[in-house]
A.B. asks: 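Shown below is the structure under consideration.
Values below: every heavy atom of this structure, side chains too, minus hydrogens, waters and symmetry copies.
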Amino acid sequence: MGRFAAILLAVSGTVALQVVAQAVVLTSVRFIGRRTGGAPELRRTFWISLGAVVPLFFGHLAQVALWAGFLVLLGALQTYDDAFYFSLVTFATLGATCGSLMLGWSTALIFAAISRAIDRGRA
């Protein structure tokens, strides 16, 4: 597999993992929203925030792990530990547009989840 094809595959995998994390966020936020319907606004917002942030956090770790695997596969780094550390540190820096896009996407999801929780709590 050529380097360009490997990079496209890694980017596609990163987006796929983000979509999975998004689905988990939507499911968990809806579930938590139903369970905390009569709760005070602060408690409801707290649990909905956790329901949004935790799946996205683990989704980003999975994305970093995917990139680490590709770095080892391409021979850019020798060990998976080194590749994971490198991927984690550079995920959204040093021109890593893919990581920056995923973090921006996650920020939008978190904002939307919390905004809807607050709006529905007032309705």
A.B. asks: Closest heavy-atom contact between Ser100 and Ala92?
C.D. replies: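 For Ser100 and Ala92, the tightest heavy-atom pair comes out as OG-O, 3.4 Å.
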A.B. asks: For residues Thr36 and Arg43, determine if any side-chain heavy atom of one lies less than 4.5 Å from a side-chain heavy atom of the other.
C.D. replies: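 Not touching, per the 4.5 Å side-chain cut-off.
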A.B. asks: Taking all atoms of both residues into account, what is the closest heavy-atom pair of Val29 and Ala113, and its distance?
C.D. replies: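 The pair with the smallest heavy-atom distance is CG2-CB, 4.0 Å.
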A.B. asks: With side chain to side chain contact (heavy atoms under 4.5 Å, CB included) as the test, would you mind laying out the steps for Val24 and Leu56 before giving the verdict?
C.D. replies: CA-CA 8 Å; Val24 173; Leu56 292 169; over 6 Å; no
A.B. asks: Should Ile110 and Met102 be regarded as members of a common hydrophobic cluster, given that ILVMFWY residues are connected when their side-chain heavy atoms come within less than 4.5 Å of each other, either directly or indirectly?
C.D. replies: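 Yes, one cluster joins them.
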A.B. asks: side-chain hydrogen bond (donor to acceptor under 3.5 Å, both in side chains) with Asp82: which residues, sequence neighbours excluded?
C.D. replies: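 For Asp82 the side-chain hydrogen bond (donor to acceptor under 3.5 Å, both in side chains) partners, ignoring immediate neighbours, are Thr79.
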A.B. asks: In chain order, what residues pass the side-chain contact (heavy atoms from CB on, under 4.5 Å) check against Ala65, with sequence neighbours excluded?
C.D. replies: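 Listed in chain order: Tyr80, Phe84.
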A.B. asks: Going by ring-ring contact (aromatic ring centres under 6.0 Å, His included), name the pairs with one or both residues in residues 2-53, residues two or more places apart or in two chains.
C.D. replies: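 Passing the test, one end in residues 2-53: no pairs.
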A.B. asks: Hey, can you pull the donor-acceptor pairs under 3.5 Å for the side chains in residues 5-20, sequence neighbours left out?
C.D. replies:
from, atom 1, to, atom 2, distance (Å)
Ser12, OG, Leu8, O, 2.9
Thr14, OG1, Ala10, O, 2.7
Thr14, OG1, Trp67, NE1, 2.8
Gln18, OE1, Gln63, NE2, 2.8
Gln18, NE2, Ser106, OG, 2.9

A.B. asks: Can you list, by chain and residue number, the hydrophobic cluster partners of Val89 when the side-chain cut-off is 4.5 Å?
C.D. replies: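 The other cluster members (ILVMFWY side chains, heavy atoms under 4.5 Å, direct or chained) are Tyr85.
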A.B. asks: So, using side-chain contact (heavy atoms from CB on, under 4.5 Å) as the criterion, who are the partners of Ser49 when residues are at least two apart?
C.D. replies: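 Scan of Ser49 (side-chain contact (heavy atoms from CB on, under 4.5 Å), adjacent residues dropped) gives Thr45, Ile114.
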A.B. asks: Identify the two heavy atoms, one from Ile48 and one from Gly33, that lie closest to each other, and give their separation to 0.1 Å.
C.D. replies: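 Taking Ile48 first and Gly33 second, the nearest heavy atoms are CD1-CA, 4.1 Å.
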A.B. asks: Under 4.5 Å between side-chain heavy atoms, counting indirect links through other Ile/Leu/Val/Met/Phe/Trp/Tyr residues: same cluster for Leu101 and Leu88 or not?
C.D. replies: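 Per the 4.5 Å side-chain linkage, Leu101 and Leu88 are co-clustered.
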A.B. asks: Taking only residues two or more places apart in sequence or in another chain, which ones pass side-chain contact (heavy atoms from CB on, under 4.5 Å) with Ala76?
C.D. replies: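 So Ala76 forms a side-chain contact (heavy atoms from CB on, under 4.5 Å) with Leu71.
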A.B. asks: Using side-chain contact (heavy atoms from CB on, under 4.5 Å) as the criterion, list what pairs up with Ser115, not counting sequence neighbours.
C.D. replies: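 side-chain contact (heavy atoms from CB on, under 4.5 Å) list for Ser115, sorted by chain: Phe111.
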A.B. asks: Write out all pairs satisfying side chain to side chain donor-acceptor pair (under 3.5 Å) with one or both partners inside residues 20-32, taking only residues at least two apart or from two chains.
C.D. replies: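 The answer is Gln22-Trp105.
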A.B. asks: Give a yes or no on whether Leu61 and Phe86 share a hydrophobic cluster (residues Ile, Leu, Val, Met, Phe, Trp, Tyr; joining criterion: side-chain heavy atoms under 4.5 Å apart).
C.D. replies: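 No: no chain of side-chain contacts under 4.5 Å links Leu61 to Phe86.
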A.B. asks: Starting from Leu77, can I reach Phe91 by hopping between I/L/V/M/F/W/Y residues whose side chains sit under 4.5 Å apart?
C.D. replies: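 The answer is no; the residues belong to distinct hydrophobic clusters.
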